[in-house]
Amino acid sequence: MSAIRHALTTRRADDFAGWYQEVVSAADLAEESGVRGCMVIKPWGYGIWERMQRLLDARIKDAGVDNAYFPLFIPLANFTREAAHVEGFAKEMAVVTHHRLIADGKGGLVPDPEAKLEEPLIVRPTSETIIGDAMARWVQSWRDLPLKINQWANVVRWEMRTRMFLRTSEFLWQEGHTAHETSEDARIETMRALEMYRAFAQDQCAIPVIAGEKPENERFPGAVETWSIEAMMQDGKALQAGTSHYLGTSFADASGIRFQDREGTQQLAHTVSWGMSTRMIGGLIMTHGDDDGLRVPPQIAPWQVVILPMLRGDDGDAALLEYCEALKIAATKEWAFDEKLRILLDSRPGKVAAKRWDWVRRGAPVIIEVGPRDMEQGRVSLLRRDRLWNAAGKADFTNPQREEATGSLSAVLADIQASMFAGAVEQRDARIERGITGFEQLAAFFAEDQHQPGWAEVQWARPTGTELEQVVERLKALKLTFRNVPLDAAAADGPCLFTGAPAVERILVARAY
RNA sequence: CGGGGAGUAGCGCAGCCCGGUAGCGCAUCUGCUUUGGGAGCAGAGGGCCGCAGGUUCGAAUCCUGUCUCCCCGACCA
């Protein structure tokens, strides 16, 4: 037993699900709203989302994709054109049927039967259909292609079982929709989006991911190919953190996205869609959180450095605040990751210890405390969130001179970013098992008594249809799912674990969120 | 959506079985003491007991319905 007094009451190792919920509330990320599956995202949580938006949006724009906004409501008829797509979403759709309320005579309000909509509207679960509709108007000739549109929006899927950030009925995301002249161009865009997500997750969120293709049974409804990035959470489960779909021509056919090609012939466009959502915040928590709360990678942190003056409510406060202001101004001139540092001087009244632990739980990368003694000696007390505790089980402060601290901040932040990623990679790589060749062996690897088994990468023959369904059922009995076929996996060189036929590739098997 | 558990102060909980003035710890506020690594003492404020009905002289407590959350399933780009 360690003597460390952690900032949270639930240990990751004891109760991962309970710990997750405690982080969400203790780090001030979000709270329940009273509506099933809908959450209030609080300023610190939303600040993290804004950072993700800003960084990913820059990548999207760099790829020549334009932002636009499409309506929340979609006419039912519009949605019903692509059969597989409809079937995939029909069970989780919110429907608007009335446009007016009327008094019920008992002090309440009910939908006015007189105000029933001729045609119900659905609340978008995704916007393929309505954007496809627009694209059909915008595309006439091959010169109009490629057409690349992105929107940042909320979507609604009526989930049976919800969890904060991981699966909510309403969530925020970006959805990119592109239309192309050829299948080749569309596939290139599909892979570009996938690579964009991989780089964003790893280089900015410090979340290691494996990019690969989803098997047939895990495809987006109506898609020809679905690709994903998969991240391993600290409990060994997989989280799909971003997806990119090559949709072929079926959506173009359903929406009427046609163009005259270079020979003057009418052709269907090839479409692609790709998305990343607030679920990424759940991934951030389960990748970087610890028993003291969240740890936010510096590139994602709304505030990278929080300065806490030790105010005493006496005459000394003014000078101390002045000292901290000077520190803040100097630090704000420093850069890291090609952006100015984001520094908060938290001078609200209150005990410094209480405020310190608030920021530890929220996961600010660097906390700088300044007391009268620091000021006298021209120094500060600096605490790194990624290395909180010293060997004695105390908060591990260092005491650089003020100028030295300011000058070193960008290097410290870069180091925190790098070490968080390296730590996550190490944890993940240690838990990917590549030597499993038989189903019994697979079952043993994922046996219930094994606490955090991680993932298995196995060889398979890529069965399809009912043969695949049988394999999926066998896995389901073990609560396992296929994640993806990693792009960079080694070539197959043995029999399929499931069918015994010669394997054609390697696929990841894991429990998943 | 099925099975189980829960909802009482900002947070964590007791009270409910057996109906009778709303409690505890932490947090908050005030005062005093303390003052560099999660302070101490004293006092104070804060409640549609999830919501709606019902039974009753009287409901946090009993009954019915309903909403929300958690766990297990089913479902799930």
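Predicted, not measured: the structure shown is a model, and the values here were computed from it.
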Polar side chain donor-acceptor pair, E128(A) to S273(A), under 3.5 angstrom: yes
U35(B) - base-pair partner by Watson-Crick or wobble geometry, distances under 3.5 Å: none
Option from E225(A), E213(A), H270(A) for which side chain to side chain donor-acceptor pair (under 3.5 Å) with Y246(A) holds: H270(A)
Below 4.0 Å: OP1/OP2 of G38(B) and any side-chain N or O of R5(A): no
Complement of G2(B), any strand, by Watson-Crick or G-U distances under 3.5 angstrom: C72(B)
Whole-Å C1' distance, G2(B) and G12(B): 31 Å
Listed partners of D291(A) passing salt bridge (charged side-chain N to carboxylate O under 4.0 Å, His left out), at least two apart: R11(A), R12(A)
Distance, P atom - from G50(B) to G7(B), rounded to whole angstrom: 8 Å
Nucleotide opposite A27(B) in a Watson-Crick or G-U pair, distances under 3.5 Å: none
Rounded distance (Å) that lies between atom C1' of G36(B) and atom CZ of R312(A): 8 Å
Distance in angstrom units between E92(A) CD and C75(B) P, rounded: 13 Å
Counterpart base for A14(B), defined by Watson-Crick or G-U wobble contacts under 3.5 Å: none
Heavy-atom donor-acceptor pair, T168(A) side chain to E170(A) backbone, under 3.5 Å: yes
Non-hydrogen atoms of E159(A) and R36(A) that approach each other most closely: O-NE, 4.1 Å
Sugar-phosphate only, base, or nothing, as touched by Y513(A) at under 4.0 Å among non-hydrogen atoms: nothing
Mate of C48(B) where both pairing distances stay under 3.5 Å, Watson-Crick or G-U: none
Integer angstrom distance from the C1' of G36(B) to that of U21(B): 48 Å
Watson-Crick or G-U wobble partner of U56(B), both distances under 3.5 Å: none
Nearest-Å distance once atom P is located in both C32(B) and A52(B): 44 Å
Touch class at under 4.0 angstrom, heavy-atom based, for T226(A) against every strand present: nothing
Out of A39(B), C76(B), G36(B), whichever nucleotide has its closest atom nearest the side chain of K351(A): A39(B)
Donor/acceptor link under 3.5 angstrom from S381(A) side chain onto base of G36(B): yes
Counter-base of U21(B), judged by Watson-Crick or G-U geometry with both distances under 3.5 Å: none
Spacing of D104(A) atom CG relative to A52(B) atom P, expressed in whole Å: 15 Å
Contact letters for nucleotides 69-74 of chain B, in which S counts primed atoms plus P, OP1 and OP2 and B counts the base, heavy atoms under 4.0 Å: SSSBBB
Polar side-chain atom of W158(A) near backbone of S169(A) as donor-acceptor pair, under 3.5 Å: no
Sugar-phosphate, base or nothing in reach of G34(A), heavy atoms under 4.0 Å: sugar-phosphate
